There are 2 protein chains.
Amino acid sequence: MRRPASTPPASEERDERPDGAGGPEATDDNAANEEFAALSSQSPTPDSQRMLTLFMDLGRFRSLRDPLASICEDLNLTPTQVHALVWLGHDGPMHVGVLAQRIGITKKTITGVVDRLAEMGTVERTRDTEDRRAVVARLTPSGTQLSERIARTMDAGVRQLLSLMAAEDRDALFGMLERILARLRARQAE
Amino acid sequence: MRRPASTPPASEERDERPDGAGGPEATDDNAANEEFAALSSQSPTPDSQRMLTLFMDLGRFRSLRDPLASICEDLNLTPTQVHALVWLGHDGPMHVGVLAQRIGITKKTITGVVDRLAEMGTVERTRDTEDRRAVVARLTPSGTQLSERIARTMDAGVRQLLSLMAAEDRDALFGMLERILARLRARQAE
DNA sequence: TATTGTTATACTCTATAACTATA
DNA sequence: TATAGTTATAGAGTATAACAATA
């Protein structure tokens, strides 16, 4: 899964992997990367340690590995497949390269993922008439049905989380997340 | 990765996969499962839909797939390996079965994971003298060093998140998470 | 008999490298 | 030349099934 542990970085020909993959189009995460490098050289703060401890404690109740893992179990899908179906259901048809960005995998990997989704009849490929190099992935009716089922399960998970919170905490959380989002968007616009 | 898509459930002989895997010892997630089944049959609420929209919007900036993905990149480790090292570093030596629970994989899978970690010299196996069936995994000095490096990177990620929030929001979030945790613990104690 | 792990098998995910088609 | 995807190859993750050792 990883490089053979002996291959040198060879940073020239590497496939772009926009991990902090941003807006609908390209993103410049250079600034974000530099910021993170600066942060990495600094020391933990009381706040960051407190937050990490909370995360680990929560991880004892629900695995931190993949929030969508339980959905995969029930529907007999892999995490990657679930993420692909969720994004296609939420945003509609898109280039497979963009889909790869959303999921957080490379363009080489997305080919096989879309292959298998197409084989099971949930996704179909078409060529973009504008740019004939590009391949557009789109949900089939059966895939739409499946993605809606996933969305319902995700919604139930969210309701389970919300049921653990008092009403005022819920409202506070919404405001908090919206402010974080506004910051991210402002930073992206730069 | 999944079952061959044709195998019947055969719910008798299946390996236990405690996805909501709880405390240090066994957990009864029967109650939690029943509650979730009840939630799944209900409809989305304005709150749950608002929350889901926020999640998806955040997912455009940072892939929702695995929060630790970027650490894997840098250190040339897989997500599963990172999670194993994090838990062993945080909680100390433990039975490989417990480690599997923490990560969210089955006991069949943990064997290969620990195999590879042992090959790269970060983890070693010993027998539990109390229960000679059980195998204890423990970090080597080199593994401890690596897990500390991962912890520092995680801390930087947390500081990056906190830097997006106002001081009062940070305090509010801590209180919120602590109350959620208290609820989970109370429910577990039942 | 029940529990803890391991082994064997098969499929999926993933990255690297080399390639094709289009811009 | 640069970009969007695909193909080929190989290592790692994962589940099912069958098994061994211990309780």
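Quick caveat: nothing in here was measured; it's all calculated off a predicted structure. Just so it is clear: chains get the letters A, B, ... in the order the sequence lines come, proteins before strands, and each one is counted from 1.
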* To do: Write down the atom of A/Arg132, the atom of A/Thr129, and the distance for their closest heavy-atom approach.
  => CG-O, 4.1 Å

* Structure fact -> In terms of heavy-atom contacts, A/Ser48 and B/Asp155 come closest through OG-OD2, 2.9 Å

* Test for a donor-acceptor pair under 3.5 Å between the base of D/dT22 and the side chain of B/Arg132, counting only N and O atoms. => no

* Structure fact -> Sorted by position of nearest nucleotide on DNA chain C, 5' first, the leading residue of A/Thr129 and B/Ile110 is B/Ile110

* Asked: Looking for any heavy atom pair under 4.0 Å, which part of the strands does B/Thr109 touch: base, sugar-phosphate only, or nothing?
  -> base

* To do: Please check the phosphate of D/dT14 (OP1 and OP2 only) for any side-chain N or O of B/Thr80 closer than 4.0 Å.
  => yes

* Structure fact -> B/Leu77 CG to D/dG11 P, in whole Å, measures 17 Å

* Ion pair check, B/Asp171 and A/Arg50, cut-off under 4.0 Å -> no

* Asked: When the distance from CG of A/Leu99 to P of D/dA4 is rounded to whole Å, what number comes out?
  -> 15 Å

* Given DNA chain D, 5'-ward residue of the pair A/Asp131 and B/Arg133, judged by closest heavy atom -> A/Asp131

* **Listed nucleotide nearest any side-chain atom of A/Gln81, set C/dG5, D/dG5, C/dT12** => C/dT12

* **Given C/dT12, C/dT16, D/dG5, the nucleotide with the shortest approach to the side chain of A/Thr106** => C/dT16

* Calculate the interatomic distance between B/Asp115 atom CG and D/dG13 atom P; express it in whole Å. => 10 Å

* Could you give the CE-to-P distance, from A/Met94 to D/dG5, as a whole number of Å? -> 12 Å

* Asked: Among C/dT3, C/dA18, C/dC13, which nucleotide sits nearest the side chain of A/Lys108?
  -> C/dA18

* Asked: To the nearest angstrom, how far is A/Asp74 atom CG from D/dA15 atom P?
  -> 13 Å

* Within the structure shown, what part of the strands sits under 4.0 Å from A/Asp128 by heavy-atom distance: base, sugar-phosphate, or nothing? -> nothing

* Asked: Rounded to the nearest Å, what distance is computed from the CG atom of residue A/Leu117 to the P atom of nucleotide C/dT12?
  -> 11 Å

* Structure fact -> A/Lys107 has its side chain closest, among D/dG5, C/dG5, D/dA15, to D/dG5

* Going by modelled atom types, is there a donor-acceptor pair between the base of C/dT12 and the side chain of A/Arg116 at under 3.5 Å? -> no

* Asked: Out of D/dA4, C/dT6, D/dG13, which nucleotide sits closest to the side chain of B/Val135?
  -> C/dT6

* Contact summary for B/Gly121 and B/Ser142, nearest pair of heavy atoms -> O-OG, 3.7 Å

* Structure fact -> Whole-Å distance, A/Asn76 CG to C/dC11 P, equals 14 Å

* Just how far, in rounded Å, is P of D/dA4 from CD of A/Gln101? -> 9 Å

* Consider the side chain of A/His95, meaning its heavy atoms from C-beta on, and name the nucleotide among D/dG5, C/dT12, C/dT14 that approaches it most closely. => D/dG5

* When all nucleic acid strands are considered with a 4.0 Å heavy-atom cut-off, which category describes B/Arg125: base, sugar-phosphate, or nothing? -> sugar-phosphate

* To do: Indicate whether any N or O donor in one side chain lies under 3.5 Å from an N or O acceptor in the other, for B/Thr109 and B/Thr106.
  => yes

* To do: Report which part of the nucleic acid A/Thr111 touches: base, sugar-phosphate, or nothing (heavy-atom distance under 4.0 Å, all strands).
  => base

* Is A/Leu85 reachable from A/Val136 through a run of I, L, V, M, F, W or Y residues, each pair having side-chain heavy atoms under 4.5 Å apart? -> no

